[in-house]
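What you see is a predicted model; the values in this text were computed from it and never measured.
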Amino acid sequence: MCGIIGYLGYRKAMPILLEGLFAQEYRGYDSAGVAVLEDGTLRVEHSVGKIALLEQKIGDNIGEGVIGIGHTRWATHGRPTEDNCHPHTDCHGNIAVVHNGIIENYLELREWLQNQGHTFTSQTDTEVLPHLLEELYQTDLYQAMSDAVARLRGAYACVAVSSFDPRRLVAARKDSPLVIGVGEGEYFLASDIAALIRYTRNVIILENGDIAVVDDHGIKITNQGQPVQRKMVYVDWDKEAAEKAGFPHFMLKEIHEQPAVMAKTMRGRISDDLEQVLLPEMDAAFSDEFLKGVNKLVIVACGTSYHAGLVAKQSIERLLRLPVEVDIASEYRYRKPLVDEHALVVVVSQSGETADTLAALRESQYNGAKVIAICNVMDSSIAREADCVLYTWAGVEIAVASTKAYVTQLMLLYMLTFYLGQRLQILSGDYLHHLLQELDELPDKIAAQLPTIEETTREWAEYIKDYDDAFFIGRGLDHSVALEGALKLKEISYIHAEAYAAGELKHGTIALIEPGIPVIALATQQFLLEKSISNIVELKARDAHIFGIAFEQTQSMAKVTDGCIYLPQTDDLLAPIITVVPLQLLAYYAADYRGCEIDQPRNLAKSVTVE
Ligand code: M6R
């Protein structure tokens, strides 16, 4: 994933472009560049590495130009070198383009353009765009863009600026997000609203196939050659949402936001008397007849969102006795999944732009299944294409490591489960009331316990930071959360971590247990407690260092662990929402002790919009 910014107006463009790039740095940060029109000529600056290096390179020389484009890159085609940085230009430096996505037929286009005499200087797929525009340009950049995108296969959000058309930006979108911010006499283009809310809250979200022209006459949008109107939406995010609010890292800020966003995700979705789940989106999308005919649920997602799906499988099967398959989107899309009109598919994605999850959604619909999307980003590609969307309302999640999005995904998956139980008349009123009451109380319980959990996990992290390996174990729902705990530790602290179903260890992995090795043992499921404790004892006998996580009533954990966090009691079924919090904090502090770049771990991007 990469980040795009464009500006046309009356202020100096350079600082606005750099700010827009900083706000989108989480989208990719292995190189960055800008192109600004100065005195009718394009000035292009590139830098490998983080945006701060580009800013340093530009220094005080911000120039006078009031129109320009910028890009922060996460390499796909071509290594992160200066030649491969965007913006890319045509042969004569008259047209500059920034692009997000992948042009699948770029090799074919490149060969054709080379035969027409164009000289390429990078290995990127993007570079075909400025050359194509140069080749097709006659008198109008918009027309050249229309003709160019007609020849592209793949996904793109792109913005072009040209010295031929000096008061104009031209943009196109297909399968990659792009928005226009509308200010007073000025316009902003960006991959992400966060890049422009500092300047305007009026935003137009471009749709697939749109080509937009922004100039001194305003905005013109066409789709398949026909003028179209796209509504302007007012974005009411506060500016604080895109900043760290006093925390050293976005990840820590986002962990602390969890009680608030959990409450927000429930707002309006649980009746005041805690008797009913209200999901009008589901009422509108699916008839009783359809829901009664559903013979299985299929949950498809990637990474942390996939782990949320694993929790949902267990809770849905336990409560509704409806079979649930959970699949990794990159596997599902190519294995000819067995879904048809009787399957209900749930895709889970924070960004709503993950390429594999989007492809899984399309594959499911192609096979006749209806798709529910659980998304955080409004109007994202997945949200738009699903038959029904349930938004998580976690707000902008900036840290690459997902935390608040995960807990809100869990909340919503639980609410969806209860909703189905209620609509299909499987859950009794009393039990539903009990579960909703427990769910409703969770945000306050977590908020109250957060300081203690944080203090203890910081101590644990000091121990773990010196190890190369760590293990996470649990049974049932605890195992699903253990997988998420191991992913968090790996992705931000670079400590190798594995999660195992506790009963499975003795089938091989226990051979890896050496004296002192840290094991994080989750034991919240009462009906599995004795079994879990036996597994912990097996590890203790081999001198593993055990950190336990259990409910406050399970004091027996003190005897078998080297330290235990006791969480506020809730229904076992809902345990994952609360047990993940110490695991997130443990990963955070381990990474902090090791001096890692927590918000932007190496080799990762916030949203993976390529296969
Ligand atoms: O935006 P999505 O939820 O579709 O993203 C899926 C994964 O890429 C994401 O959860 C990833 O695993 C995170 N880095 C985990 O912290």
Return yes if a side-chain donor-acceptor contact under 3.5 Å exists between [X] and [Y], otherwise no.
| X | Y | value |
| --- | --- | --- |
| Asn376 | Gln350 | yes |
| Thr509 | Glu504 | no |
| Tyr566 | Gln449 | no |
| Asp430 | Ser428 | no |
| Gln409 | Ser305 | yes |
| Thr392 | Lys404 | no |
| Thr457 | Tyr588 | no |
| Gln314 | Ser480 | yes |
| Ser532 | Gln525 | no |
| Gln365 | Glu385 | no |

Quick check on [X]: does its [atom1] atom have over 12 non-hydrogen neighbours (other residues, nucleotides or ligands) under 6.0 Å away?
| X | atom1 | answer |
| --- | --- | --- |
| Lys264 | NZ | no |
| Gln526 | CD | yes |
| Lys540 | NZ | yes |
| Arg321 | CZ | no |
| Lys559 | NZ | no |

Out of Met266, Gln422, Arg423, which residue meets the side-chain contact (heavy atoms from CB on, under 4.5 Å) rule with Val277?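 Only match with Val277 under side-chain contact (heavy atoms from CB on, under 4.5 Å): Gln422.
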Among Leu442, Val481, Ile577, find the one that has a side-chain contact (heavy atoms from CB on, under 4.5 Å) with Leu410.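 Of the listed residues Leu442, Val481, Ile577, the side-chain contact (heavy atoms from CB on, under 4.5 Å) partner of Leu410 is Ile577.
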Could you tell me which non-hydrogen atom of [X] sits nearest to which non-hydrogen atom of [Y], and how far apart they are?
| X | Y | result |
| --- | --- | --- |
| Leu322 | Val294 | CD1-O, 3.9 Å |
| Val519 | Ala544 | CG2-CB, 3.9 Å |
| Ile382 | Cys375 | CG2-SG, 3.7 Å |

Could you tell me if the side chain of Glu353 sits less than 4.5 Å from the side chain of Val377, heavy atoms only?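 They are not in contact (no side-chain heavy atoms under 4.5 Å apart), so the answer is no.
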Do Glu397 and Thr403 come close enough that some side-chain heavy atom pair is under 4.5 Å?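 Yes, side chains in contact.
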Determine, step by step, whether Tyr419 and Asp283 satisfy the side chain to side chain donor-acceptor pair (under 3.5 Å) criterion, reporting the C-alpha distance in whole Å, the side-chain angles of both residues, the deciding distance to 0.1 Å, and the verdict. CA-CA 10 Å; Tyr419 170 91; Asp283 298 343; 2.5 Å; yes
Just by distance, do the side chain of [X] and the backbone of [Y] share a donor-acceptor pair under 3.5 Å?
| X | Y | answer |
| --- | --- | --- |
| Asn367 | Ala369 | no |
| Asp543 | Gly516 | no |
| Asp327 | Val300 | no |
| Lys296 | Pro323 | no |

Hey, mind stepping through Glu454 and Tyr589 against side chain to side chain donor-acceptor pair (under 3.5 Å) and telling me if it holds? CA-CA 9 Å; Glu454 192 161 359; Tyr589 281 109; 2.4 Å; yes
State whether Tyr494 and Arg602 meet the cation-pi test: NZ (Lys) or CZ (Arg) under 6.0 Å from the six-membered ring centroid, and within 45° of the perpendicular axis.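 Relative to the ring axis of Tyr494, which defines the angle, Arg602 lies inside both limits.
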